[in-house]
Structures are given as C-alpha cells and as structure tokens.
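The structure appears below as structure tokens.
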Amino acid sequence: MSTIRPSRGYRVFQGVNGVILTLVVLITLYPFVNIVARSFSGEKEIRAGDVTLWPKGFDLTTYEIVFSDSMFWRNYGNTVFYTVVATAVAMVLTTCYAYVLSKHHLKGRGALVGIAVFTMFFTGGLIPNYVLITSLGLKNSVWAIALPNAISVFNLLVMKAFFESLPSELEEAAQIDGLSTYGTLLRIVLPLSKAVVATMVLFYSVSFWNSWFSAFLYMDRSELMPVTVYLRNLLAGATGGTAAGAGTENLTQVNANIQAVTIVLTSLPILCVYPFVQRYFVSGVMLGAVKG
C-alpha cells in the first residue's frame with residue numbers, strides 16, 4: 001500500500017513553521033528562566049547585570065529567610081484555603097447563572113443579562129464596598145474574599161455562550177427520560193462542558209491565588225493573610241529599609257532578588273496545576289455528541 005508523500009513546498013512550510021514556533025517558545029520562556037536564575041543569584045552579580053539564564057554567585061539567603069518563618073507557611077495555607085473555597089463558590093454561582101441565561105424562553109432574561117453587564121462598567125466604589133463588607137460582619141473571614149468576587153461577568157458570558165452552543169436535543173431527551181432541571185444540568189450539561197468548566201476553574205483559581213488587595217483591605221490580623229500579602233510586605237520591607245512581614249537579618253541580599261523570589265513562589269503552584277487542566281482546552285468534548 002503506497003503512502004502519499006508530502007510535497008516539497010509542504011515540507012518547507014513545516015520547517016519554517018517549526019523554526020518560528022521554537023523562537024516564540026524561547027522568547028516566551030526567557031523572562032521566566034531569567035527570574036528563576038536571579039532568585040538563586042547573589043546580590044553582587046544581580047547588580048552587575050551578569051545573570052541571564054543561569055544563577056551567578058549562587059545564594060539561597062532569601063529563600064532561607066522566607067522558608068524559616070512560620071508565618072510564611074501559615075499564610076501559604078491560608079492562600080490554598082481561600083483559593084479552594086472562593087473558586088468553589090464562584091464556580092457554583094457562575095455556572096448556575098450562566099445556565100439560566102442560556103435559556104432564551106426565560107422571562108426577564110434580558111434584564112438579568114443587563115444587570116450582569118452593567119456591573120462590568122460600574123461599581124459601588126472602594127469605600128462603599130468596605131462599609132458593606134464591614135456591616136455584614138464578613139471582615140477577617142474567607143467570605144470577604146470569596147463573595148465580592150464570586151462572579152466574573154466575563155467568565156459568566158463565556159459560559160453562557162458555551163451552554164447556548166449545546167444541542168437542545170440533548171436536554172429535550174433528558175426531560176423525556178424524566179430528569180429535572182438540576183438533573184439535566186448535573187448529568188447532561190456539565191459532563192459535556194468539561195472544557196469550559198476547567199478553563200473557568202483555572203481563571204478563577206489564578207485570580208484568587210494572585211489576589212492580595214482584598215485580604216489587605218479586609219483582614220486585620222497577620223495570621224489570616226494570604227501568602228501574597230506576606231510577600232508584598234516582605235518586598236515593601238526590603239525596598240523601604242525595614243522588614244515588614246518577615247524578619248530579615250540580611251536585608252541587602254533580600255533587596256537584590258526579593259522580586260524574583262516572590263514571583264517564583266507565587267507562580268510555581270499555578271505552573272504545577274496548569275498541565276493537568278490544559279488538556280481540556282483542546283479536547284473535542286462535543287464531537288459525536290449528536291448523531292444526525
């Protein structure tokens with residue numbers, strides 16, 4: 001059995017395409033590799049600009065300062081807890097709201113969409129939000145972080161559009177089989193929506209993981225702070241000449257590479273989780289779902 005050989009032009013295209021994509025990958029990776037190298041380098045080498053892709057004057061002073069502080073691990077645990085709870089709340093509310101908005105026969109659907117879109121452009125402001133959270137008794141709790149940011153309108157509209165693209169025949173068949181609205185959502189719609197659900201989970205998780213201002217605003221005790229606030233205080237202490245949030249006996253070294261260390265420590269968990277979620281972005285979950 002003969003095989004069709006690719007033409008010369010196609011082979012040239014593959015080669016050029018491979019070279020271009022390789023260059024794009026290298027350009028994308030270079031800043032992060034440089035940050036990692038700086039986080040392990042010494043003060044003198046960083047100031048001299050000698051650090052590129054490999055650490056120079058290998059030094060773990062900043063990591064030792066951070067890891068030896070029990071408050072760092074306490075705040076890191078807070079970050080994990082806040083991210084898990086806030087992401088779960090956000091996904092439940094966003095999924096339910098998006099599923100409702102995807103039904104064109106729903107009375108008042110236009111008003112509900114308008115209310116959501118309105119909040120994209122207008123907010124109550126920082127002071128009214130602070131007064132609201134305080135009057136509701138949500139300060140110093142995970143709900144001060146989770147509830148005000150529970151629904152991202154952009155994520156809501158993306159999920160709404162995805163639900164609208166699902167074949168209506170699937171839900172009609174589920175109703176004939178006796179499934180309720182919630183049963184249809186849980187047993188039919190969500191299993192077919194793994195791609196968008198995984199994407200939204202990643203978006204929300206990254207947002208809550210990197211968030212620091214809400215905790216900085218609504219948390220009064222250091223033991224309740226997430227790790228982003230801890231690292232922010234460490235950076236402020238290094239650049240300001242005083243240690244804020246962590247004791248530093250070698251402030252010069254911290255001042256030289258604290259930015260690199262904070263970037264590595266905050267981005268590493270997300271980088272570890274991303275490969276397990278990325279496969280859903282390209283999976284054809286609807287392929288063959290409806291037979292014509």
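Model, not experiment: these values are computed from the prediction.
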Pairwise side-chain contact, [X] with [Y], heavy-atom cut-off 4.5 Å (strictly under):
{"X": "T95", "Y": "L190", "answer": "yes"}
{"X": "T94", "Y": "M200", "answer": "no"}
{"X": "R11", "Y": "S7", "answer": "no"}
{"X": "W54", "Y": "S41", "answer": "no"}
{"X": "M219", "Y": "I145", "answer": "yes"}
{"X": "F208", "Y": "V84", "answer": "no"}

Around atom [atom1] of [X], are there more than 12 heavy atoms of other residues, nucleotides or ligands at under 6.0 Å?
{"X": "R187", "atom1": "CZ", "answer": "no"}
{"X": "F13", "atom1": "CZ", "answer": "no"}
{"X": "L271", "atom1": "CG", "answer": "yes"}

Hydrophobic cluster membership, with links at side-chain heavy-atom distances under 4.5 Å among I/L/V/M/F/W/Y: are [X] and [Y] in one?
{"X": "F216", "Y": "W143", "value": "yes"}
{"X": "L23", "Y": "L53", "value": "no"}
{"X": "W73", "Y": "L231", "value": "yes"}
{"X": "L112", "Y": "F118", "value": "yes"}
{"X": "M71", "Y": "V80", "value": "yes"}

request  = Output the distance between atom OG (S102) and atom CG (L166), rounded to the nearest 0.5 Å.
outcome  =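 It comes to 8.0 Å.
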
I'd like to know if the side chain of [X] and the backbone of [Y] have a donor-acceptor N/O pair within less than 3.5 Å.
{"X": "D59", "Y": "T61", "answer": "yes"}
{"X": "K139", "Y": "T134", "answer": "no"}
{"X": "N34", "Y": "Y30", "answer": "no"}
{"X": "R109", "Y": "L101", "answer": "yes"}
{"X": "T266", "Y": "I263", "answer": "yes"}
{"X": "T22", "Y": "G18", "answer": "yes"}

request  = For residues W209 and Y76, establish whether the separation of their ring centroids is below 6.0 Å.
outcome  =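 Yes; Y76 has its ring centre under 6.0 Å from that of W209.
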
key: Closest non-hydrogen atom pair, Y97 against A116   =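 It is OH-CB, 4.0 Å.
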
Exercise: identify the closest heavy-atom pair between T52 and A37 =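 Closest pair (atom of T52, atom of A37, distance): O-CB, 4.1 Å.
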
request  = For Y82 and S211, test the side chains for any donor-to-acceptor distance below 3.5 angstrom and give the result as yes or no.
outcome  = no

No-hydrogen, no-angle side-chain donor-acceptor test under 3.5 Å, Y204 and N149 = no

message = Once you measure the plane-to-plane angle for Y130 and Y218, does it fall in the parallel (<30°), tilted (30-60°) or perpendicular (>60°) bin?
response =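 The rings of Y130 and Y218 lie parallel, inter-plane angle below 30°.
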
inquiry  = If you apply the rule side chain to side chain contact (heavy atoms under 4.5 Å, CB included), what do you find for L170 with V189, and how did you get there?
reply    = CA-CA 9 Å; L170 292 175; V189 176; over 6 Å; no

task = For Y230 and S222, run side chain to side chain donor-acceptor pair (under 3.5 Å): C-alpha distance rounded to whole Å, both residues' side-chain angles, the deciding distance at 0.1 Å, then the answer.
result = CA-CA 8 Å; Y230 173 94; S222 59; over 6 Å; no

